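Here's the structure we're looking at; comments come further down.
Just so you know, these numbers use all the heavy atoms, side chains as well, and skip hydrogens, waters and symmetry mates. When a ligand or atom number is given, it counts from 1 through the structure's own listing order. For this chain, numbers begin at 1 and follow the sequence in order. Quick caveat, the model's predicted, so the values are computed rather than measured.
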Amino acid sequence: MSSFTTALDAVLGHLEVTRLHGRTLKASRSALAALRASTETVPTLAAPPAPPPVAASAPSAVAPVALVPPAPVQVAPAPKPSEPKPASAPAVPLSKAERLAAMRSRTASCVLCPHLAESRKSVVFGVGDPDARLMFVGEAPGADEDVQGEPFVGRAGQLLTKIIQTMGFARDEVYIANILKCRPDTPGQSYGNRAPTNEEMQTCLPYLEEQIDIIRPEVLVALGGTAVRGLLGGEPKITSVRGRWHDFRGIPLMPTFHPSFLLRPENESKKRLTWEDMLSVKERLGLEITERERRYFLPKAAPAGE
Ligand code: URA
Ligand code: URA
């Protein structure tokens with residue numbers, strides 16, 4: 001990414017955080033148009049072209065978004081004395097929600113995989129509680145997710161939602177994200193999905209790692225082989241790693257089957273194994289498990305005189 005784009009990202013991220021703090025900046029329509037045009041016309045320069053009235057003197061060094069505020073933005077008219085200084089760093093540490101929101105706005109314009117940026121309808125960032133104790137990681141958005149901009153909303157997503165609810169959580173109490181934020185393209189094909197390539201995974205993984213570093217869930221669940229390979233590396237088979245605890249940067253990680261796999265009729269019996277993995281997760285979170293829950297998905301005992 002060019003240093004100009006990085007600097008612009010930093011400015012946009014900072015503006016997002018400023019907005020989250022309830023402060024707004026006034027900029028003229030022409031200033032905003034100049035800023036927008038600069039993103040389209042200057043992909044490789046280190047500094048903006050004709051100095052627009054907003055966001056001049058952007059730092060040329062790579063600046064982490066949101067944590068190191070970029071150069072002050074020109075504000076017109078001058079703020080009232082009672083208003084906090086718009087460009088000053090927030091006095092309190094940013095919340096997880098604020099950091100995720102800033103990150104979300106930064107990833108929305110990602111073009112690191114040009115072919116996916118071209119074919120996608122949305123960047124599917126993630127959904128759920130930024131303070132979640134439990135985080136699920138899937139593979140990549142499918143067609144439904146691409147349209148709605150939210151992970152796991154199609155058929156597999158409905159099964160994942162059921163699994164989450166059966167564990168005793170609401171869907172919005174956990175956090176859900178994917179290894180890849182864009183739908184893998186399928187040129188010349190009007191239906192179907194393909195698995196992410198290694199290159200796509202390596203390109204996108206830093207985003208997921210940043211999300212995990214912000215949320216710091218107590219437990220991670222990797223759904224299916226791609227999620228396991230992305231988070232743990234190597235080429236492990238899901239059948240040999242599921243059901244056992246792994247470690248991702250100090251966070252306990254439980255691999256389990258992907259919901260799409262469970263939807264195939266021949267894999268019906270794997271639902272019980274997935275459920276056992278989820279019971280381990282509940283235990284790890286210190287949550288109570290009822291006897292009834294322990295029996296879910298077990299073959300029914302022969303009906304006794306019923
Ligand atoms: N499958 C995934 O792995 N992720 C989604 O978001 C949807 C389906
Ligand atoms: N292969 C995968 O990648 N995931 C599964 O859940 C099962 C097989």
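Here's the thing with Gly142: none of its N/O atoms is less than 3.5 angstrom from an N/O atom of ligand 1. For a threshold of 3.5 Å applied to N or O pairs, the pair formed by Glu139 and ligand 1 contains at least one separation below that value.
Residue contacts with ligand 1: Gly157 is excluded, as none of its non-hydrogen atoms falls under 4.0 Å.
In summary, the atoms of ligand 1 found under 4.0 Å from a heavy atom of Gly138, numbered by their order in the structure, are 3 (O). Here is the list of ligand 1 atoms found below 4.0 Å of a heavy atom in Pro151: 6 (O).
Under 4.0 Å is where a charged nitrogen must lie from a carboxylate oxygen, and between Arg249 and Asp213 at least one such pair does. Salt bridge annotation for Glu276-Lys271: absent, with no cationic side-chain nitrogen under 4.0 angstrom from a carboxylate oxygen. The pair Arg171-Glu150 meets the salt-bridge criterion, with a side-chain N (NZ, NE, NH1 or NH2) lying under 4.0 Å from an Asp/Glu carboxylate O.
Atom 4 (N) of ligand 1 has Asn178 OD1, 2.9 Å as its closest protein atom, hydrogens excluded (heavy atom only).
Of the listed residues (Pro259, Ser260, Ala140), the one carrying the non-hydrogen atom nearest atom 2 (C) of ligand 1 is Ala140. By heavy-atom distance, the residue among His258, Glu150, Lys181 lying nearest atom 1 (N) of ligand 1 is His258.
Applying the ring-ring contact (aromatic ring centres under 6.0 Å, His included) definition to pairs two or more places apart or across chains, those involving residues 112-158 are Phe152-His258.
To the nearest 0.5 angstrom, Lys162 atom NZ is 12.0 Å from Leu160 atom CG.
Judged by distance alone, with hydrogens and angles left aside, the side-chain atoms of Arg284 form no donor-acceptor pair with the main-chain N or O of Pro252 at under 3.5 Å.
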